[in-house]
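All figures in this text were calculated on a predicted structure; none of them were measured in a lab.
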Amino acid sequence: QVQLVESGGGLVQAGGSLKLSCVGSGTIRRFDAMGWYRQAPGKERELVAVITAITSGGTTHYADSVKGRFTISRGNAMNTLYLQMNSLKLEDTAVYYCNADWGSRIPGRYWGQGTQVTVSS
């Protein structure tokens, strides 16, 4: 059974940084596209950043709201994913979810349970 587990969330002051991690298990196959999504209270889940398959060049895409502040990357271990978040703003407060799948499906079928990020003033 495929599982994605996020960690690294927490409370941080505006302007600070956090690094989220996601570890996938339950498969011996490397995921293709992997990504981070977030959902703030009363809002729909939105894409934050996605990284394509290594075989497709591992290109990255970001929501306009996080460009220049967040960096998505894959870890050396298979099916690990990171999100480095710098210059955090109050509006970045949300539950952040890891997402993955095989093929080109975005978002993928598999979701983590989420990790809370709270940015305070």
Side-chain angles (χ1 to χ4, degrees):
Q1 181 178 354
V2 172
Q3 286 190 316
L4 300 172
V5 178
E6 304 98 334
S7 61
L11 175 64
V12 64
Q13 285 192 322
S17 298
L18 279 176
K19 186 174 184 178
L20 305 183
S21 300
C22 171
V23 178
S25 62
T27 177
I28 61 172
R29 296 170 58 195
R30 184 183 299 276
F31 287 122
D32 294 320
M34 299 185 74
W36 290 97
Y37 293 73
R38 67 186 182 187
Q39 188 167 19
K43 294 187 177 181
E44 293 186 354
R45 191 172 297 187
E46 63 177 0
L47 182 147
V48 175
V50 64
I51 186 166
T52 62
I54 293 174
T55 54
S56 299
T59 57
T60 57
H61 305 275
Y62 297 91
D64 288 343
S65 59
V66 306
K67 279 181 182 176
R69 300 188 297 121
F70 291 11
T71 302
I72 188 171
S73 62
R74 291 180 182 263
N76 290 330
M78 191 177 72
N79 293 337
T80 58
L81 185 71
Y82 301 106
L83 185 69
Q84 177 67 48
M85 304 186 294
N86 299 328
S87 301
L88 283 161
K89 303 177 180 180
L90 297 179
E91 53 264 40
D92 294 320
T93 295
V95 178
Y96 284 70
Y97 297 91
C98 180
N99 176 264
D101 208 335
W102 295 284
S104 58
R105 185 188 326 211
I106 295 176
R109 291 170 290 172
Y110 303 106
W111 295 91
Q113 82 288 350
T115 185
Q116 176 70 47
V117 172
T118 302
V119 183
S120 65
S121 58

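- Rounding to the nearest 0.5 angstrom, the gap separating the CG atom in N79 from the CZ atom in R30 is 6.5 Å.
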Just distance, no hydrogens or angles: give the donor-acceptor pairs under 3.5 Å from side chains in residues 10-20, sequence neighbours left out.
unit_1: S17; atom_1: OG; unit_2: N86; atom_2: OD1; d: 2.9

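- Within the structure, the ring-ring contact (aromatic ring centres under 6.0 Å, His included) test picks out no pair touching residues 53-76 (sequence neighbours left out).
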All N/O donor-acceptor pairs, side-chain side in residues 36-45, below 3.5 Å, sequence neighbours left out:
unit_1: W36; atom_1: NE1; unit_2: Y82; atom_2: O; d: 3.2
unit_1: R38; atom_1: NE; unit_2: E46; atom_2: OE2; d: 2.7
unit_1: R38; atom_1: NH1; unit_2: D92; atom_2: OD1; d: 2.9
unit_1: R38; atom_1: NH1; unit_2: Y96; atom_2: OH; d: 2.9
unit_1: R38; atom_1: NH2; unit_2: E46; atom_2: OE2; d: 3.3
unit_1: R38; atom_1: NH2; unit_2: S65; atom_2: OG; d: 3.4
unit_1: Q39; atom_1: NE2; unit_2: K43; atom_2: O; d: 3.1

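- For residues 33-63, the set of pairs meeting the disulfide (SG to SG under 2.5 Å) definition, not counting sequence neighbours, is empty.
- If you chain together hydrophobic residues whose side chains sit under 4.5 Å apart, V2 and I51 fall into the same group.
- Annotation: disulfide (SG to SG under 2.5 Å) contacts involving residues 39-76, sequence neighbours excluded, are absent.
- Clustering of Ile, Leu, Val, Met, Phe, Trp and Tyr side chains at separations under 4.5 Å leaves V5 isolated, with no partner residue.
- Residue pairs that meet the disulfide (SG to SG under 2.5 Å) test with at least one member in residues 25-63, sequence neighbours left out, do not exist here.
- I28 forms part of no hydrophobic cluster, judged by ILVMFWY side-chain heavy-atom separations under 4.5 Å.
- Evaluation of the disulfide (SG to SG under 2.5 Å) test over residues 2-83, restricted to residues two or more places apart or in two chains, returns C22-C98.
- Taking each heavy atom of I106 and A33 in turn, the nearest pair found is CG1-CB, 4.0 Å.
- Within the structure, side chain to side chain donor-acceptor pair (under 3.5 Å) pairs that include any residue of residues 108-121 comprise E6-Q113, D101-R109, Q116-T118 (at least two apart or interchain).
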Inset, instruction - For the pair L81 and L83, evaluate side-chain contact (heavy atoms from CB on, under 4.5 Å) and give the outcome as yes or no after the intermediate values. - result: CA-CA 7 Å; L81 185 71; L83 185 69; over 6 Å; no

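- Evaluation of the side chain to side chain donor-acceptor pair (under 3.5 Å) rule for T59 yields T52 as partners, not counting sequence neighbours.
- Criterion: ILVMFWY side-chain heavy atoms under 4.5 Å apart, direct or through other members. Under it, I72 and M34 are part of a common hydrophobic cluster.
- Remark: R105 CZ to N99 CG distance equals 10.0 Å, nearest 0.5 Å.
- The side chain to side chain donor-acceptor pair (under 3.5 Å) search around N76 returns none, not counting sequence neighbours.
- Looking at every heavy atom in both residues, G112 comes nearest to Y97 through O-CD2, 3.6 Å.
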